Trainee: 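First the structure, which I've put down as structure tokens, then a few questions once you've had a look.
Atom set for the values below is all heavy atoms of this structure, side chains included, hydrogens, waters and symmetry mates excluded. All of these numbers come straight from a predicted model, not from anything done at the bench. To find a chain, count down the sequence lines: A is the first, B the second, and so on, and within it residues start at 1.
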There are 2 protein chains.
Amino acid sequence: MSFFSRKMDYALLVLSHLHGNPDGSSAREISAKFSISRPFLANIMKTLCHHGYLSSHRGVHGGYVLIRKPEDIALADIMQSLDEPFHLTDCSKDIEKQTCSARTFCPIRTGMSGVHDRIRTILKDVTLAEILDPTIRPSVSLQFGLELVSNGTHK
Amino acid sequence: MSFFSRKMDYALLVLSHLHGNPDGSSAREISAKFSISRPFLANIMKTLCHHGYLSSHRGVHGGYVLIRKPEDIALADIMQSLDEPFHLTDCSKDIEKQTCSARTFCPIRTGMSGVHDRIRTILKDVTLAEILDPTIRPSVSLQFGLELVSNGTHK
DNA sequence: TGAAATGGTACTAATTCAGTTCTATTATTA
DNA sequence: TAATAATAGAACTGAATTAGTACCATTTCA
Ligand code: FES
Ligand code: FES
């Protein structure tokens with residue numbers, strides 16, 4: 001299984017396409033362009049509209065328009081709207097409610113929580129704007145820095 | 001669905017437990033300690049043994065021993081051994097083979113590839129050693145730095 | 001009035017995940 | 001030497017999730 005569901009993936013295509021088409025576009029157009037099942041894509045676009053990413057217009061020349069700024073749409077947001085919030089393991093959900101039976105003696109609890117946070121930081125940090133134009137983010141160079149340091153100390 | 005499968009999660013518990021028990025431990029012991037289905041856990045341990053993380057000893061006082069250094073076991077390795085290598089989307093697999101039909105005009109191809117790399121970097125970078133003792137890694141402080149910088153320029 | 005779009009909901013099929021089952025082999029111990 | 005407790009290996013099943021359909025209603029416009 002992929003990390004991102006197809007809904008998530010298709011949603012990013014939709015949002016990106018609509019960003020390039022400020023006058024809007026319909027489910028038919030987008031499904032044709034990317035060879036995606038039309039009714040499936042239509043459902044996804046309904047959901048995106050419902051969550052305030054798109055505005056809709058019915059009728060013959062209807063369609064959807066992107067109404068949120070790409071900089072304000074984080075991957076974590078889309079994920080939460082379409083599927084569910086990110087969590088690293090089953091236990092991650094439990095931990096907040098403190099229901100995991102192993103929590104008092106679990107040898108990986110703290111470590112996993114750190115990994116959880118690192119990935120969640122990426123998902124909250126990366127926006128549609130960066131997906132559209134990966135060069136705009138300073139975090140790219142920072143990430144390379146991180147990679148070099150860790151190789152130096154660790155390998 | 002969680003990012004890590006249960007197999008992955010249980011494997012980390014197994015490896016951590018065995019690190020704390022250098023004389024080894026059996027599937028029975030570990031399944032009892034963490035309340036995990038014994039045959040399921042046994043399968044996981046077989047796989048870990050098969051991939052060279054553990055050595056096994058049959059018979060009445062048999063069991064498994066951790067034979068790889070925690071610093072040399074990255075999350076990406078375990079994931080690959082138990083499930084499949086990390087990939088962000090269905091297309092991520094295709095892209096290497098260049099079979100994705102949208103690849104020539106896909107508006108998110110480069111951006112997604114960047115996200116893919118960032119997450120994969122974490123999975124390759126974080127080892128069992130860091131899971132066991134999250135304070136040992138310099139990347140923790142670096143990560144906080146990254147968070148601060150990105151908040152400063154972006155929010 | 002008919003075609004083309006979204007709105008809403010319920011349903012189905014396919015796939016994956018989680019867990020089981022069974023038989024064989026090895027080693028210890030009484 | 002027989003019972004027991006462990007791993008080895010493979011096939012199988014049930015449950016859950018994902019991916020995709022189907023249907024009908026409503027809106028808009030030509
Ligand atoms: S598995 Fe739940 S706290 Fe570690
Ligand atoms: S979806 Fe395959 S290249 Fe973008």
Trainee: Of all the nucleotides listed (C/dG7, C/dG8, C/dA18), which has the minimum atom distance to the side chain of B/Arg6?
Mentor: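 Taking heavy atoms from C-beta onward, the closest nucleotide is C/dA18.
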Trainee: Regarding A/Tyr64 and A/Ser55, is there a side-chain donor-to-acceptor distance under 3.5 Å anywhere?
Mentor: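 No, no side-chain donor-acceptor pair sits under 3.5 Å.
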Trainee: Roughly how many Å is it from CG in A/Leu41 to P in C/dA5, rounded to a whole number?
Mentor: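 For the pair A/Leu41 CG and C/dA5 P, the rounded distance is 13 Å.
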Trainee: It should be established whether A/Ser26 places a side-chain nitrogen or oxygen under 4.0 Å from OP1 or OP2 of nucleotide C/dA4.
Mentor: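 No.
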Trainee: Give B/Ala42 one of three labels, base, sugar-phosphate or nothing, depending on what nucleic acid heavy atoms sit under 4.0 Å from its own.
Mentor: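 Counting heavy atoms under 4.0 Å across all strands, no contact is made by B/Ala42.
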Trainee: Of the options C/dT20, D/dT7, D/dT18, whose atoms approach the side-chain atoms of B/Pro39 most closely?
Mentor: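 Selected nucleotide: C/dT20.
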Trainee: I need the NZ-C1' distance between A/Lys7 and D/dT17, as an integer number of Å.
Mentor: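 Value for this atom pair: 10 Å.
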Trainee: So A/Asn43, base contact, sugar-phosphate only, or nothing? Heavy-atom distance under 4.0 Å.
Mentor: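 Base, at least one base atom sits under 4.0 Å.
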Trainee: What's the CD1-P distance between A/Ile44 and C/dG8, to the nearest Å?
Mentor: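 Rounding to the nearest Å, CD1 of A/Ile44 and P of C/dG8 are 17 Å apart.
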Trainee: Between C/dT16 atom P and A/Phe3 atom CZ, what is the distance in whole Å?
Mentor: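 Roughly 18 Å, once rounded to whole Å.
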Trainee: I want to confirm an ordering. Mapping B/Lys46 and B/Arg38 to their closest nucleotides on DNA chain D, which one lands closer to the 5' end?
Mentor: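 Checking each residue's closest nucleotide, the 5'-ward one belongs to B/Arg38.
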Trainee: Within the 3.5 Å criterion, strictly below it, is a donor on A/His87 or B/Ser2 matched to an acceptor on the partner's side chain?
Mentor: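 The answer is yes; a qualifying pair exists.
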Trainee: May I ask you to decide whether B/Arg38 forms a salt bridge with B/Glu29, counting only side-chain N to carboxylate O separations under 4.0 Å?
Mentor: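 Between B/Glu29 and B/Arg38 there is no salt bridge, as every charged N stays at least 4.0 Å from the carboxylate O atoms.
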Trainee: Going through the checks in order, is the ring pair (Phe, Tyr, Trp, His ring centres under 6.0 Å) test met by B/Phe4 and B/Tyr10?
Mentor: CA-CA 10 Å; B/Phe4 285 174; B/Tyr10 292 165; over 10 Å; no
Trainee: Rounding to an integer number of Å, can you tell me how far B/Phe40 CZ sits from D/dA11 P?
Mentor: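 Atom-to-atom, B/Phe40 to D/dA11, this comes out as 18 Å.
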Trainee: So, does A/Ser37 get its side chain near the phosphate of D/dT21, meaning an N or O under 4.0 Å from OP1 or OP2?
Mentor: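 It does, given that an N or O in the side chain of A/Ser37 lies less than 4.0 Å from OP1 or OP2 of D/dT21.
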Trainee: Does NZ or CZ of A/Arg68 fall inside the cone over A/Tyr53's six-membered ring, less than 6.0 Å from its centre and within 45° of the axis?
Mentor: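 Yes.
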Trainee: Report each atom pair, protein N/O against N/O of nucleotides 28-30 of chain C, whose distance is under 3.5 angstrom.
Mentor:
residue	atom	partner	partner atom	Å
C/dT28	O3'	B/His61	ND1	3.2
C/dT29	OP1	B/His61	ND1	3.2

Trainee: Is the closest basic N to carboxylate O distance between A/Asp117 and A/Arg120 below 4.0 Å?
Mentor: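 Looking at A/Arg120 together with A/Asp117, the answer is yes, because their closest N to O distance falls below 4.0 Å.
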Trainee: Do A/Thr127 and A/Lys69 touch side chain to side chain, with heavy atoms closer than 4.5 Å?
Mentor: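 When only atoms from C-beta onward are counted, A/Lys69 and A/Thr127 do not touch, as no gap falls below 4.5 Å.
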Trainee: In whole Å, I'd like the distance from the CZ atom of B/Arg28 to the C1' atom of D/dT7.
Mentor: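 B/Arg28 atom CZ is separated from D/dT7 atom C1' by 13 Å.
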Trainee: Counting only side-chain N and O atoms of A/Tyr10, is one of them less than 4.0 Å from OP1 or OP2 of D/dT18?
Mentor: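 Answer no for this pair, as no side-chain N or O of A/Tyr10 is under 4.0 Å from OP1 or OP2.
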Trainee: Consider the side chain of B/Met1, meaning its heavy atoms from C-beta on, and name the nucleotide among D/dT18, D/dA8, C/dT6 that approaches it most closely.
Mentor: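 The listed nucleotide nearest to B/Met1's side chain is D/dT18.
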Trainee: Once you round it to whole Å, what is the distance between P of D/dT17 and CD of A/Glu84?
Mentor: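 The distance from CD of A/Glu84 to P of D/dT17 comes to 8 Å, rounded to the nearest Å.
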Trainee: Just how far, in rounded Å, is C1' of D/dT18 from CG of B/Asp90?
Mentor: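 Those two atoms, CG and C1', are 11 Å apart.
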